[in-house]
Amino acid sequence: HKGPYFAPLYEPLPDDVKFYYDGKPMKLNVATEEIATFYAKMLDHEYTTKEIFQNNFFYDWRKEMTSEERKKIKHLEKCDFKEMHKYFVDKNEARKALPKEEKQKLKEEADKIQEEYGYCILDGHREKIGNFKTEPPGLFRGRGDHPKMGMLKKRIMPEDVIINCSKDSQTPEPPSGHKWKEVRCDNTVTWLASWTENIQNSIKYIMLNPSSKLKGEKDWQKYEVARRLKGVVNKIRSQYRADWKSREMKKRQRSVALYFIDKLALRAGNEKEEGETADTVGCCSLRVEHIKLHPELDGQEHVVEFDFLGKDSIRYYNKVPVEKPVFKNLQLFMENKDPGDDLFDRLNTTVLNKHLQDLMDGLTAKVFRTYNASITLQEQLKALTDAEDNVAAKLLSYNRANRAVAILCNHQRATPKSFEKSMQNLQAKIDAKKEQLGEAQMELKRAKADLKAKKDVKSKAAVEKKKKLLEKIQEQLLKLNVQATDKEENKQIALGTSKLNYLDPRISVAWCKKFGVPIEKIYNKTQREKFAWAIDMADEDFEF
DNA sequence: CATACTGACTCAGAAACGTTCTT
DNA sequence: TAAGAACGTTTCTGAGTCAGTAT
């Protein structure tokens, strides 16, 4: 491979685009100016209204200033980035308004870079790389209440990059005048290049695209582990039920946690360093404040109310009736604890996974998510699909099955900005179609009357024609209604993550084959590339 | 054992981008 | 038929999981 493609260097602002401090124009040093542009570009983003973001930015920015600049620039409120902001907005619009040929030229240049840096040779095969570009410098955008939001993410230089390639291959050349941090030949890992980022001090990697053989095989393995769980899950379930009554507190906590992971598809929940990241939890890291116990709620017994922020600070809110021993155990775990205390104080992910490993080779907490997602899809497809339906209705069933999984895994999205409007538009279309339908019915009636009166060939043909038209309109209306239902149900649910990461693609491939739905209807080009192994492998009788 | 820390990998939603449909 | 809205696709990079090692 050729190593990473580096982010373009900073281009200083034209002289007429000014930064103002305390109302007066101020020429900034290039390095200072570059960081200022990061903030200026984000001016109409919500981030810049947040105090933590502002403080982190200002603190990091001042560190990079010259001492004269630092002496002068003391308050962010006195900084005026508006002109800079406008410059970037205009530039963006100008780029969008470029004539076709110019755009084509830019596209070709991008393709050339992709061609040159976007592929590698692995075991003699040319494979697509996933992310071959280094991340450009900018301001860190954490999710949720991240204590580090707004901090300066530094530019990655060749001197930061470790190259991994095989001994007998040609080592990629660093950009002229530069050196790599290190070149190594480690064939026990899959990454091609790596660097350490300065915000969390974690390593970033350049790895292969999901369509590659290597990633495909791993994906397949993942689902095979989940299928093995299918064979032992009943045993595991009776085991953890028995453990609810264990004399050991540790076992009780472990078995209740496992129940949650299995029933609710919660994530494992590693401990996190306090103050370094947003405060989010998974199963093992749940705190007392995250659940409420209701002996009775809305006519149901032993209801647990969950309310916590999970991965990416997505809220998990759910009221679940649980089995009585679970409820009793939870009461026990919460005794004499403060809201901020760990619910499972004798448990962590290491302990849990050690136990799972003993139950089944390769079993970890996340396998339950994969297993329950895939088995849910399979069951839902079976329950919802009607072989007599047309393709559109079958696709609605597929989406509904997919949606059941997304709900289980709590995959959410922000309601799209244009949702209300596009829903209205769709409704208007439906109304118009209904009117059209009424008209068509009238016309058919008239044609029939005509036929009765004349009984000639011509009017018979007219009746047939009107019948056809009516059918066509009815079908169109049905399709629109299906679309509307699908859209409404999907408002805040993200189907993509489960489709890409949790659902054994062979289930979907088999379903398509069985019900005569073209595979392109459920997987787009990229997805077909990623799931090529499954499309190859699965026939219509595949069972997860 | 408990704990801290590192490394490598999967999984996550937002935003940018490109294509298609409407007006 | 061109502009622009809507929608699907791709990119981006942050946030998890989990194993391994040192202390």
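Lettering of chains follows the sequences in order, A, B, ..., and the numbering in each one begins at 1.
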Give one of base, sugar-phosphate or nothing for [X], where a contact means two heavy atoms less than 4.0 Å apart.
X        : result
A:Thr280 : sugar-phosphate
A:Ala365 : sugar-phosphate
A:Arg95  : sugar-phosphate
A:Gly282 : nothing
A:Lys311 : base
A:Thr190 : sugar-phosphate
A:Asn270 : base
A:Lys103 : nothing
A:Glu197 : nothing
A:Gly496 : nothing
A:Pro210 : nothing

Taking only heavy atoms on the protein side, list every residue of residues 222-230 of chain A lying under 4.0 Å from any atom of DNA chain C, sorted numerically.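 The answer is none.
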Between the base of B:dG13 and the side chain of A:Arg143, is there a donor and acceptor pair under 3.5 angstrom?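 A donor-acceptor contact between them is present.
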Using whole Å, what does the distance between atom [atom2] of nucleotide [N] and atom [atom1] of [X] come to?
X        : N      : atom1 : atom2 : result
A:Lys107 : C:dT9  : NZ    : P     : 16 Å
A:His146 : C:dT13 : NE2   : P     : 16 Å
A:Lys366 : C:dA19 : NZ    : P     : 10 Å
A:Glu271 : C:dA19 : CD    : P     : 14 Å
A:Asp345 : B:dA2  : CG    : P     : 12 Å
A:Lys354 : C:dT21 : NZ    : P     : 12 Å
A:Arg141 : C:dC12 : CZ    : C1'   : 10 Å
A:Asp145 : C:dA15 : CG    : C1'   : 15 Å

Tell me whether the side-chain N/O atoms of [X] come closer than 4.0 Å to OP1 or OP2 in [N].
X        : N      : value
A:Gln200 : C:dG14 : no
A:Asn524 : C:dT9  : yes
A:His411 : B:dC11 : no
A:Thr350 : C:dA19 : no

Who pairs with A:Glu115 by side-chain contact (heavy atoms from CB on, under 4.5 Å), at least two apart in sequence or on another chain?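 Checked A:Glu115 against side-chain contact (heavy atoms from CB on, under 4.5 Å); matches are A:Tyr119, A:Arg126.
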Select one nucleotide: of [options], the one nearest the side-chain heavy atoms of [X].
X        : options                : answer
A:Ile203 : B:dA8, B:dA2, C:dT17   : B:dA8
A:Thr364 : C:dC18, C:dA15, C:dT9  : C:dC18
A:Tyr205 : C:dG16, B:dG7, B:dC17  : B:dG7
A:Ile314 : C:dT13, C:dA15, B:dG13 : B:dG13
A:Thr526 : B:dC9, B:dA14, C:dT10  : C:dT10
A:Arg267 : C:dG16, B:dT10, C:dA15 : C:dG16
A:Phe140 : C:dA15, B:dA8, B:dC17  : C:dA15

Less than 3.5 Å apart, any donor N or O on the side chain of [X] or [Y] sitting next to an acceptor on the other?
X        : Y        : answer
A:Asn402 : A:Ser498 : yes
A:Thr280 : A:Lys311 : no
A:Gln104 : A:Glu108 : yes
A:Glu529 : A:Asn209 : no

Start at the 5' end of DNA chain B and walk down; is the nucleotide closest to A:Val189 or to A:Cys409 reached first?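 Result of the comparison: A:Val189.
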5' precedence on DNA chain C between A:Lys153 and A:Lys525 (nearest-nucleotide basis):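 This one resolves to A:Lys525.
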Salt bridge (Lys or Arg N to Asp or Glu O under 4.0 Å) contacts touching residues 193-206 of chain A (sequence neighbours left out):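 Applying salt bridge (Lys or Arg N to Asp or Glu O under 4.0 Å) to every pair that reaches into residues 193-206 of chain A, excluding sequence neighbours, yields A:Glu135-A:Lys204.
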Pick from A:Phe140, A:Tyr39, A:Tyr47, A:Phe38: which one makes a ring-ring contact (aromatic ring centres under 6.0 Å, His included) with A:Phe57?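 Testing each of A:Phe140, A:Tyr39, A:Tyr47, A:Phe38 against A:Phe57, the sole residue satisfying ring-ring contact (aromatic ring centres under 6.0 Å, His included) is A:Tyr39.
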Using 30° and 60° as the class boundaries, would you call the ring planes of A:Tyr5 and A:Phe132 parallel, tilted or perpendicular?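 Perpendicular.
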Can you label the angle between the A:Tyr240 ring and the A:Tyr259 ring as parallel, tilted or perpendicular, going by 30° and 60°?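 Perpendicular: the ring planes of A:Tyr240 and A:Tyr259 meet at over 60°.
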Is A:Lys50 atom NZ crowded by more than 12 heavy atoms from other residues, nucleotides or ligands, each under 6.0 Å away?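 Count over threshold, so yes.
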